[in-house]
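Working notes, beginning with the structure itself.
Start at 1 and go down the list; that is how both ligands and their atoms are numbered. The figures that follow rest on heavy atoms only: side chains count, while hydrogens, waters and symmetry mates do not.
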Amino acid sequence: MVRHRAGAGAAHQGRSGNERQIPGQARGNRAAGGRPCRLYRRQYRSGDHQPHHRQGHHDSGHGRRRLCHGQDERRGREYRGRQLLRRGRTDRECRWQRHLYHCRGRRLRRSGPRPGRGRHDLYRGEPRRGPRRPADIGHAGRTGRRRRHGRGNPPDGRSLLRRPQHDHRHFRGRDRGIEHDDLGRQEKGRAGHSAARPHQRRGRPTGRNLRGGARAVTIRIGLKWLAHGVGLPLPRQQTAGAAGLDLAAAIGPDEEMTIAPGDYAMVPTGLAIALPEGFEAQIRPRSGLAAKHGITVLNSPGTVDADYRGEVKILLINHGKLPFVLRRGERVAQMVVARVDAVELVEMDELDATERGTGGHGSTGR
Ligand SMILES: O=c1ccn([C@H]2C[C@H](O)[C@@H](COP(=O)(O)OP(=O)(O)OP(=O)(O)O)O2)c(=O)[nH]1
């Protein structure tokens with residue numbers, strides 16, 4: 001069993017024993033209300049805890065302070081997120097703080113510091129001022145990475161920095177007048193993020209976030225299946241960013257439709273739609289069919305008017321060299337819904353002059 005002797009620790013640090021709070025049996029018992037803390041017993045009495053100089057974390061030469069978790073002063077400054085806990089503390093002090101944390105931490109965290117216990121700045125109830133740091137937000141930044149990998153955390157793996165009274169989310173916007181989003185980030189002063197864009201502030205995929213699959217506006221279109229279309233899949237955009245809804249052939253289940261080379265045919269879709277006023281639906285070819293089989297939409301783009309309530313049909317033509325055989329459910333074209341503005345033609349004697357003028361049909365070259 002390995003135990004630290006109080007006298008040796010004090011000598012290494014060059015301090016008097018009175019100035020330091022040394023974790024010992026008496027201390028632990030008092031802090032835990034008469035019983036030694038379970039964690040304290042497990043870690044420091046069972047023998048599985050080795051002093052750091054025996055773990056090879058750092059040089060424990062004479063006259064040097066033994067710093068907890070192998071941190072030296074320089075690294076302690078670098079990892080400011082753990083500064084309160086580790087920087088400049090010996091392993092004894094750190095052990096004592098961990099002991100306090102585990103034995104009484106919850107009570108102190110709820111009730112604030114005890115009178116006269118100001119030395120343990122870990123337990124002060126004041127929220128920290130100033131901007132949030134990556135360590136407070138989550139697994140981000142250097143400190144966050146270190147926490148994920150478990151380096152420097154207490155032996156039970158918990159991070160001592162995740163304590164309510166130091167968590168800014170509990171105080172955000174109340175006493176500092178700073179707005180935070182759902183992730184606790186400040187709204188002001190973030191490069192490339194304007195506080196005036198609510199869809200970004202809420203972090204939800206809406207209008208401009210195509211990766212989230214949402215569009216700026218969703219147009220609701222009534223759809224009615226005709227008898228021969230029942231059972232076909234609902235036309236849909238195949239990917240989040242796709243423009244067109246694929247339309248399938250509503251041929252009978254046991255039927256085939258063959259379009260000979262150079263021939264064209266009207267392909268039923270088995271559905272009728274009711275577009276809202278101010279919109280049209282364009283029937284466009286699928287580029288895959290065009291590239292592989294020479295199949296395209298003869299009247300591309302076909303126009304479905306907003307007031308049309310008949311079956312949507314697709315006029316396919318076979319520009320390929322082979323007959324094209326169609327079966328039920330095969331996707332043969334795509335429908336793109338587009339806005340149509342009202343147009344009013346104004347007759348006039350002279351049109352305004354432009355650089356192009358009347359030139360057209362190849363006037364600029366081949
Ligand atoms: O590829 C198409 C093109 C049109 N239509 C339907 C919807 C459209 O509203 C209607 C009329 O189309 P369009 O106005 O292009 O044809 P038109 O030759 O001008 O016919 P109409 O005299 O009926 O307007 O036919 C289709 O189902 N598929």
Side-chain angles (χ1 to χ4, degrees), residues 210 213 215-348 351 360-362:
L210 285 178
R215 311 297 172 102
V217 178
T218 300
I219 304 158
R220 294 173 67 88
I221 301 171
L223 182 145
K224 179 188 167 191
W225 286 111
L226 306 176
H228 56 286
V230 172
L232 287 173
L234 195 69
R236 67 183 186 92
Q237 284 142 328
Q238 297 290 320
T239 62
L245 297 93
D246 283 350
L247 298 175
I251 309 165
D254 306 321
E255 294 174 21
E256 282 184 350
M257 179 184 274
T258 303
I259 309 174
D263 205 357
Y264 58 85
M266 193 77 88
V267 179
T269 62
L271 58 86
I273 56 172
L275 287 165
E277 232 176 273
F279 290 90
E280 61 153 341
Q282 301 174 0
I283 309 299
R284 302 189 190 177
R286 290 190 65 212
S287 57
L289 286 183
K292 292 174 191 164
H293 305 284
I295 297 292
T296 186
V297 174
L298 179 58
N299 59 333
S300 180
T303 304
V304 179
D305 301 295
D307 56 355
Y308 178 70
R309 297 293 179 267
E311 181 180 11
V312 175
K313 293 185 177 168
I314 302 161
L315 193 53
L316 287 185
I317 182 167
N318 184 358
H319 287 306
K321 297 187 172 77
L322 299 172
F324 184 69
V325 180
L326 266 176
R327 292 177 190 88
R328 180 178 178 83
E330 199 159 332
R331 292 174 294 140
V332 289
Q334 56 185 319
M335 181 174 76
V336 175
V337 176
R339 219 175 265 276
V340 181
D341 289 327
V343 174
E344 181 189 358
L345 289 176
V346 182
E347 295 176 87
M348 51 185 64
L351 302 176
H361 308 101

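- When L298, T303, V304 are checked for heavy-atom proximity to atom 4 (C) of ligand 1, T303 turns out nearest.
- Put simply, atom 28 (N) of ligand 1 has protein non-hydrogen atoms near it, under 4.0 Å away.
- No more than 12 heavy atoms of other residues, nucleotides or ligands lie within 6.0 Å of OH in Y264, so this atom counts as exposed by the packing criterion.
- When every heavy atom of P301 is checked against every heavy atom of Q282, the shortest pair comes out as CB-CB, 4.0 Å.
- Under a 4.0 Å criterion applied to the non-hydrogen atoms of E311, ligand 1 contributes the atoms 27 (O).
- Contact atoms of ligand 1 toward G302: 1 (O), 3 (C) (distance under 4.0 Å to a heavy atom of the residue).
- Listed by number with element, the atoms of ligand 1 under 4.0 Å from a non-hydrogen atom of V312 are 27 (O).
- Here L245 contributes atom CG and I221 contributes atom CD1; the two are 7.0 Å apart, rounded to the nearest 0.5 Å.
- Nearest heavy atoms, R327 versus A249: O-CB, 4.0 Å.
- Between I273 and A281, the closest heavy-atom pair is CD1-CB, 4.2 Å.
- Contact annotation for atom 9 (O) of ligand 1: protein present (non-hydrogen atoms, distance under 4.0 Å).
- Taking CG of L316 as the start and CD1 of I283 as the end, the distance is 10.5 Å to the nearest 0.5 Å.
- Residue-level proximity to ligand 1 for N299 is carried by the side chain, the only part with a heavy atom below 4.0 angstrom.
- Atom 20 (O) of ligand 1 lies below 4.0 Å from none of the non-hydrogen atoms of the protein.
- When only non-hydrogen protein atoms are considered, atom 26 (C) of ligand 1 lies nearest to K313 O, 3.6 Å.
- Rounded to the nearest 0.5 Å, atoms CG (L247) and OG1 (T269) are 6.0 Å apart.
- In this structure, atom 23 (O) of ligand 1 has no protein heavy-atom contact shorter than 4.0 Å.
- Of all heavy-atom pairs spanning R284 and V297, the tightest one is C-CG2, 3.7 Å.
- Inside a 4.0 Å radius of atom 1 (O) of ligand 1 there is at least one protein heavy atom.
- Residue D305 has at least one heavy-atom neighbour below 4.0 Å for each of these atoms of ligand 1: 8 (C), 9 (O), 11 (C), 14 (O).
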